[in-house]
Amino acid sequence: MELRPLTRAGERFVAIAEQHLDAFRARAREHDENGTFATDNFVDLKESGAVAAFVPEELGGLGLGSIHDWAVGLERIARADASTAIALNMHLGISRTIATGWQAAVARGEPSAAAGSEGMLRAIVSGDLVICATATEPGTDFLRPLTTAKSTPEGFTIDGRKIFVTLSPVANLMAMNVRVSSSEGDQIGFAFIPIDSPGIEPQDDWDALGMRASGSQSVLIRGCKVAEGSIQIAGPWGRWSAGLLMGRTLGNLTLVGAFLGIAERARELAVAAARTQEKPKYDGAIGQAAGVQHLLGEIDIDLAAARCVLSRTAAELDAVLAAHTATPIPLELAHECMRDYQCAKWTVNQNAMKIVSHAMDICGGGAFMSGHELSRLYRDVRAGPFMQPFSPTEAREYIGRVALAAYPDG
Ligand SMILES: Cc1cc2nc3c(=O)[nH]c(=O)nc-3n(C[C@H](O)[C@H](O)[C@H](O)COP(=O)(O)OP(=O)(O)OC[C@H]3O[C@@H](n4cnc5c(N)ncnc54)[C@H](O)[C@@H]3O)c2cc1C
C-alpha cells in the first residue's frame, strides 16, 4: 500500500529521491544535534536534478506536473531527513508557480513574458537559484501580512519581520507576501526579493524542538527597496480568493507527505525492533509478544488511513487542475479543495504522531535516548499541526463551515 507515483516524470522524481536516502540519513543525526542546515543535502539535490523537478523537460528539468507525485517524492525524502523534505518543498512550490507561468506565457504566444520565467527556470536547473517562501509573521496569518510595501516614486520600500523562513540559509531568493496600500483599500502582494538585497537581515536564530536542520530562521526586512512592477497583487488584504486558496492548498498538501514519510520510517524501525530485539522472557525477539503485535497492527491501520487520504486528496487535486487549464477555478470549489487538504492534513498529522509514539513503545527505553533515530522523528513529527493553514484550533471550524457551504471570507 506504499504510495507510488502516477506519472512518468513522477517516477523519475521519486527514483531520484530514493537515491538520496542513505546519505541523508547518515547526516541527519549530526545536523539535528547541532541545529545546522543540511547544506550538503542541498548540494546533492542540485546535482541529482531534484531541485529542478518542476522545470519543464525542454528547459532541462524533470517536467513534473503531478501534485500527487510531488507529495510521494517528499514522503520518500522525509524517511531519511524530514527537515530536508520540508525545505525542498518550499523551493518546489515556488518553482512550480514559475514553471506554470512560463507554460501559460508560451501557450499565449508571449515570448517577452516567458523570457523572465525561462531565465529563472534555467538558473534552477544549473543550481544557481534556490527559492524560499515566507508568509509567516508573529501574531498574524497569511491573509493579513503586517509586512508593508510602501509606494515610493521609484517602486516600493518593504519593512517587516518574517519568521519560520525554512531553507533561507541557502536560498538566494525569497518569495514573500506583503501588505500594499492602494486606492481600493489594502491588498495582498507577492514579491520576489534577492536575499542579499540591502535591508534583508537573516537572524540565524533557528533553535527549535524539531525540524532542527530546516534552517527556519527569522528574517528582518528594514527599508528594503524593490522596483515598480516587482510586486504582484493577489487580492484584498484579509480575504480569500480562489487563487490564494489554491496556492495554499497545492504547496501545503505536499508538506503533509513529509509527515507521512516520518511515520513510514517509524514503522520500519518498529518492525526491525520487533524482529531483532530479544528478551529472555520470549526466548527470542520481542515481536512474539501479543502487545507488540497489537501495536504493530495499530500502526498499520493508522498508516493505511494516512496513505489513502493523502494519495486520494492529491490525485483529486490533480484532476481539478487538469479540468481547469482553460477556465478559472470557482471560489466554492477552491474552498472544497482546501477542505479536502485540511481533512488529509488532520488525519496524516494525528496518525503520524501516534505511529511514532507507538514505534517508540515497541522499541522501548532506547528510543527515548537523544541519539536514537526515533527520538528525532518524535520531535520532527510534532511540527506538522503547526504548519499553516490551518492550526488544530482552526481546522475543524473551517471544515465544518465548508460542509455547510458557509464559506469563510477570510
Ligand atoms: C518547522 C516549521 C517550518 C516552517 N516553515 C515555514 C516556511 O518556510 N514559510 C512560512 O511562511 N511559514 C513556515 N512555517 C510557519 C507555519 O506555517 C505557521 O505559520 C507557524 O507555525 C506559526 O503558526 P501560529 O498560528 O502558531 O502563529 P502564531 O500564533 O503567530 O505563533 C508564532 C509565535 O512564535 C513566536 N516566536 C518568537 N520568536 C520566534 C522565532 N524566532 N521564530 C518563530 N517564532 C517565534 C512568535 O512571536 C509568535 O508568538 C513553519 C513552521 C514550522 C513549525
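Order of appearance sets the numbers: ligands from 1, and atoms from 1 within every ligand.
- Applying the salt bridge (Lys or Arg N to Asp or Glu O under 4.0 Å) rule to pairs touching residues 36-56 yields R27-D40, R27-D44, sequence neighbours excluded.
- Applying the salt bridge (Lys or Arg N to Asp or Glu O under 4.0 Å) test to every pair with at least one member in residues 356-365, sequence neighbours left out, gives no pairs at all.
- Listed by chain and residue number, the protein contacts of ligand 1 are I86, M90, A133, T134, A135, T136, E137, P138, G139, R161, I163, F164, T166, D205, M211, S216, F386, M387, Q388 (heavy atom within 4.0 angstrom).
- Salt-bridge formation is not detected for the pair D32/R29: no Lys NZ or Arg NE/NH1/NH2 atom is positioned less than 4.0 Å from an Asp or Glu carboxylate oxygen.
- Using a distance-only test at 3.5 Å, with no hydrogens or angles considered, no donor-acceptor pair links the side chain of N34 to the main chain of T36.
- By the side chain to side chain donor-acceptor pair (under 3.5 Å) test, E2 pairs with R4, R79, sequence neighbours left out.
- Within 6.0 Å of CZ in R8 there are 12 or fewer heavy atoms belonging to other residues, nucleotides or ligands.
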